[in-house]
Structures are given as structure tokens and as C-alpha cells.
Amino acid sequence: MAAIYSLYIINKSGGLIFCKDYGSAGKMDTNDSLRLASLWHSMHAISQQLSPVNGCAGIELLQADTFDLHCFQSLTGTKFFVVCEPGTLHMEFLLKYIYELYTDYVLKNPFYEMEMPIRCELFDINLSQAVQKDRVALLGR
């Protein structure tokens, strides 16, 4: 079973700009992915406002019985979140590495328009390698 089920990238407006499924079970259709991204964006924003701690960055980890959802928000408001097996460790490092790939291969691509869906082959290739390396590292632990 894969440690990482899926990866989502949401723009600062809450629109889904990238979605990739890595697990074979429970794949969602496009409409469900769009709803999930919109719901997560809203929950993240509400959690920032309701937090009793000043400067709260929002929800970083949501734990459920069957999955964990780890989130990283960049300074520009773009959110990266991974749905993975419960108890999977060190996802924050993977998310930060995915953000580095995003800045290197998507934002530096002269043909990419901000806030639009990501269609970049080099990003896809390097992302697949990063997820595969992470899976191998998890199996070795």
C-alpha cells in the first residue's frame, strides 16, 4: 500500500491548480477533487480566524482514522496538501520539497500563468521521483 494517497495544490483564491492520485483505491473524480480543494481552503481560512493564538498559520495536520492530511502554505498563499496513511512521518519535509519543485519548474516556466492549472512536464517528472524516493525511504524505516 502506498504511503501517499494524493497530492493537491490550491491557489490563493481556493482554486485547485494541481491534483495527483498515487493510491489505487478511492480515486476521486474531478468534481470531488474541486470540492475537496474548496472545502480545505475554507477550513484553513476559518481556522486562522478562530485560533486563539495570534499569527496562526491555519491547519497543518488533520488526523482521521483512515488517513492523515498534511498541509503547507507558502508565503504567497498557495497551499500544498498531501493525503497519506495514518501516522506517516516527515510529510512536512516532503511538502517543502514539493514547494521547491513548484518554484523551480512551474513558477520559472515562462509559459505558466499564475493561478492557472499546472501543466509542466518537468514538474511532473521531478514530483514523481520525489514521491517515489519518499516511498522508498518510508519502506526502509
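Note that this is a predicted model, so its numbers are computed, not measured. All residue numbers refer to positions in the sequence shown, counting from 1.
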ask   = Taking the side chain as C-beta and beyond, is there a heavy-atom pair between L16 and S33 under 4.5 Å?
value = yes
key: Ring geometry between Y8 and F81 (parallel below 30°, tilted from 30 to 60°, perpendicular above 60°)   = parallel
ask   = Is a side-chain donor-acceptor pair under 3.5 Å present for H44 with Q73?
value = yes
ask   = Should the heavy atoms of other residues, nucleotides or ligands under 6.0 Å from CD of E113 be counted, would the total exceed 12?
value = no
query = Hey, does S6 have a side-chain heavy atom less than 4.5 Å from the side chain of K20?
reply = no
remark   = dist D68:CG -> E85:CD (nearest 0.5 Å) comes out at 9.5 Å
inquiry  = Quick check: is Y97 connected to L122 through a chain of hydrophobic side chains (ILVMFWY, heavy atoms under 4.5 Å apart)?
reply    = yes
Same cluster (ILVMFWY, side-chain, under 4.5 Å), M43 and L36 = yes
inquiry  = Under the rule for side-chain hydrogen bond (donor to acceptor under 3.5 Å, both in side chains), what residues qualify as partners of D32, not counting sequence neighbours?
reply    = R35
ask   = Could you give the distance from CG (D21) to CE (M28), rounded to the nearest 0.5 Å?
value = 6.5 Å
Heavy-atom closest contact (A37 atom, I10 atom, distance) = O-CD1, 3.4 Å
ask   = When rounded to the nearest 0.5 angstrom, what distance separates CG in N109 from SG in C120?
value = 5.0 Å
query = Looking only at atom types and distance, does a side-chain atom of S128 sit under 3.5 Å from a main-chain N or O of D124, one as donor and one as acceptor?
reply = yes
query = Would you say the ring centroid of F18 lies under 6.0 angstrom from that of F80?
reply = no
request  = Answer with yes or no after comparing the ring centroid distance for Y5 and Y22 against a 6.0 Å cut-off, counting only values under it.
outcome  = no
request  = Report yes if the side chains of Q63 and P86 come closer than 4.5 Å at any heavy-atom pair, otherwise no.
outcome  = no
remark   = Note: F123 and I98 closest approach over all heavy atoms is CE1-O, 4.1 Å
key: Joint hydrophobic cluster, L107 plus L95, side-chain heavy atoms closer than 4.5 Å   = yes
query = Between the side chain of S13 and the main-chain N/O of G15, is any donor-acceptor distance below 3.5 Å?
reply = no
Gap separating the CD1 atom of I17 from the CE atom of M114, nearest 0.5 angstrom = 7.5 Å
ask   = Of the non-hydrogen atoms in A3 and T88, which two are nearest, and what is the gap between them?
value = O-OG1, 4.1 Å
ask   = Minimum heavy-atom separation for H41 to G14, with atom names?
value = CG-CA, 3.4 Å
inquiry  = If I take atom SG from residue C71 and atom CD1 from residue I59, how far apart are they, to the nearest 0.5 angstrom?
reply    = 8.5 Å
task = Step through the shown structure and confirm whether more than 12 heavy atoms of other residues, nucleotides or ligands are within 6.0 Å of CD on Q48.
result = yes
inquiry  = Minimum heavy-atom separation for V106 and Y112, please, with both atom names.
reply    = O-CB, 3.5 Å
side-chain contact (heavy atoms from CB on, under 4.5 Å) between T103 and K108, worked out = CA-CA 7 Å; T103 58; K108 292 178 184 176; 5.6 Å; no
request  = Indicate yes or no: at least one non-hydrogen side-chain atom of V82 is less than 4.5 angstrom from one of L69.
outcome  = no
task = Please lay out, stage by stage, how H70 and E60 fare under the test side-chain contact (heavy atoms from CB on, under 4.5 Å).
result = CA-CA 6 Å; H70 296 262; E60 294 178 355; over 6 Å; no
key: Euclidean distance, L94 CG relative to F72 CZ, rounded to 0.5 Å   = 11.5 Å
task = Could you please spell out the steps behind the side-chain contact (heavy atoms from CB on, under 4.5 Å) verdict for Y102 and L127?
result = CA-CA 9 Å; Y102 171 76; L127 179 62; over 6 Å; no
Exercise: identify the closest heavy-atom pair between S47 and G58 = OG-CA, 3.3 Å
